[in-house]
Asks: 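One structure, pasted below without further comment.
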Amino acid sequence: MARASDLLKGVVNVASLPGVYLRLSSVVSDPRSSAADVGRVIAEDPGLTARLLKLVNSAMYGFPSKIETVTHAISIVGTAQLQDLALATSVIRLFAKVPPTMVSMASFWRHSVAVGVTARALAARRREPNVERFFVAGLLHDIGRPIMFLQAPDEVQAAFARAGESGMPLYEAEQAVFGFDHSHVGHALLELWKLPASLRESVQHHHHPERAQRFPAEAAIVHVADQIVNAMHLGTSGEQGVPPLATAAWEAVALPVTVLEDIVAETERHAEAATRVIALDAAA
Amino acid sequence: MDGAAVGPRVQVDVDDLAEGMVLAEDINDQQGRLLMPAGTALTSRHLRAFQLWGIQTVRIRGEGAGPEQDLRDPTPDEVALAEAELRPRFRGDVAHPFTAELLRLCARRLAHHRLHGGPVDG
């Protein structure tokens with residue numbers, strides 16, 4: 001049986017991340033570079049600049065005045081955080097050409113962005129230092145699915161049928177049909193892109209966060225965010241219900257259930273706008 | 001500041017503000033610097049900022065309430081109906097405190113959307 005990474009072979013658009021993101025990574029990780037250097041790299045790409053400014057000016061950030069320049073955005077959001085947001089908006093554009101199969105890409109991104117918004121809100125409650133990292137982890141958690149839609153539409157259809165008949169979660173049906181599920185494909189993609197281990201682990205283990213070795217909190221937060229968004233039914237990545245909760249993940253998140261009311265309200269308020277800003281113009 | 005009328009507006013005590021209300025006027029500090037422009041939809045962060053800045057009242061667009069406030073809440077029966085519809089979507093143990101609370105919130109949300117519009121599903 002094929003391995004998850006085999007599905008990546010021959011998918012031309014995802015072979016590598018856009019050059020601007022790679023240049024940005026090397027500047028951010030270079031201790032000699034300044035915020036101005038980071039700003040110059042972003043400014044090379046007017047589309048990226050416009051998307052980043054729209055994003056940091058959206059209600060999710062709630063800044064009292066308008067942020068007009070990348071330099072200003074860096075000073076408020078931080079370089080590492082802006083790099084993560086640049087990754088978020090770059091990845092979506094790579095997938096703009098995926099044809100709709102079992103779910104539309106609009107619905108897929110609606111779900112993915114909402115999980116990002118929710119993971120970010122949960123991380124903020126836990127006072128995590130870089131909440132944008134959680135936004136990206138949530139955004140990318142199901143990124144293996146569009147690869148499967150592209151590369152193995154017949155098997156995907158068989159998995160959907162199996163989940164529909166049996167009532168099992170779609171990731172279990174994928175496991176039965178493929179011998180792996182979308183989380184393994186997503187992990188292989190993030191590995192190909194050489195993205196940080198915290199992102200790779202949270203994508204790989206979002207259905208079984210107890211298996212995460214190095215970043216259990218990240219995987220647990222993405223799992224819980226996915227639960228919340230599936231329950232709210234904001235878009236779908238193919239899953240038709242709310243899979244069982246990994247109870248250890250909710251314990252690892254270590255927040256009282258009373259926060260859920262605010263988290264659901266925040267997701268309701270911000271997910272649509274965030275989707276419009278970072279996903280819809282890419283799909284057009 | 002008190003000039004051009006842009007529809008109904010009302011002075012609201014900071015303690016009575018709710019998220020989602022929209023500022024009818026710019027808020028400036030004593031030096032006249034803009035702190036928050038008219039048209040801002042208030043979030044919890046803004047409400048905390050008013051406390052920090054010592055602002056006591058602000059002018060809000062509309063009839064003194066945000067869009068959510070005029071709307072009646074769904075009745076317990078309407079929420080129960082929504083909950084019965086949503087319950088089969090949950091594959092896990094709905095008695096777990098997390099899942100039980102999530103189901104309760106989603107049922108209330110669905111009932112609210114049915115009454116007042118909004119996305120009823122994905």
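Predicted model only: the values in this text are computed from it and were never measured. Below, all heavy atoms of this structure are taken into account, side chains as well, without hydrogens, waters or symmetry copies. Chain letters run A, B, ... following the sequence lines, proteins first, then strands; residues in each count from 1.
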Asks: Check whether any side-chain heavy atom of A:M168 sits under 4.5 Å from a side-chain heavy atom of B:R91, and report yes or no.
Replies: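 A side-chain contact under 4.5 Å is absent here.
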
Asks: Please classify the contact of A:A231 with chain B as side chain, backbone, both or neither, using a heavy-atom distance under 4.5 Å.
Replies: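 Looking at A:A231, backbone and side chain both touch chain B.
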
Asks: So which residue, A:S65, A:A265, A:P244, ends up with the most heavy-atom pairs under 4.5 Å with chain B?
Replies: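 Highest number of pairs under 4.5 Å: A:P244.
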
Asks: Does anything in residues 37-49 of chain B reach chain A? List residues with heavy atoms under 4.5 Å apart, or say none.
Replies: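 Listed by number, the contacting residues are B:P37, B:T43, B:R45, B:H46.
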
Asks: So does A:N230 get a backbone contact from the side chain of B:R89, meaning a donor-acceptor N/O pair under 3.5 Å?
Replies: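 Checked: pair present.
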
Asks: Taking CD in B:E85 as the centre, count heavy atoms belonging to other residues, nucleotides or ligands within less than 6.0 Å. Is the count above 12?
Replies: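 Enclosed.
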
Asks: Please examine the side chains of A:M232 and B:C106, heavy atoms only from C-beta on, and report whether any two atoms are closer than 4.5 Å.
Replies: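 SC-SC contact between B:C106 and A:M232 confirmed.
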
Asks: Of all of B:T99, B:L35, B:L86, which one pairs up most often with chain A through heavy atoms under 4.5 Å apart?
Replies: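 Heavy-atom pairs under 4.5 Å are most numerous for B:L35.
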
Asks: Hey, does A:T247 have a side-chain heavy atom less than 4.5 Å from the side chain of B:H96?
Replies: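 They are in contact (side-chain heavy atoms under 4.5 Å apart), so the answer is yes.
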
Asks: Check each atom of A:E239 against the heavy atoms of chain B and say whether the ones under 4.5 Å are side chain, backbone, both or neither.
Replies: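 Looking at A:E239, just its side chain touches chain B.
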
Asks: Kindly indicate whether the side chain of B:L102, heavy atoms from C-beta on, has any atom under 4.5 Å from the side chain of A:I228.
Replies: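 The answer is yes, as the side chains (C-beta and beyond) meet within the 4.5 Å cut-off.
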
Asks: Is A:Q227 in contact with chain B via its backbone, its side chain, both, or neither, using a 4.5 Å heavy-atom distance?
Replies: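 Both parts, backbone and side chain.
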
Asks: Show me, pair by pair, the donor-acceptor contacts under 3.5 angstrom made by side chains of residues 254-261 of chain A, not counting sequence neighbours?
Replies:
residue: A:E261; atom: OE2; partner: B:R108; partner atom: NH1; Å: 3.4
residue: A:E261; atom: OE2; partner: B:R108; partner atom: NH2; Å: 2.8

Asks: With a 3.5 Å cut-off and no angle check, do the side chains of A:E268 and B:H113 form a donor-acceptor pair?
Replies: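 On atom types as modelled, these side chains qualify, holding a pair under 3.5 Å.
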
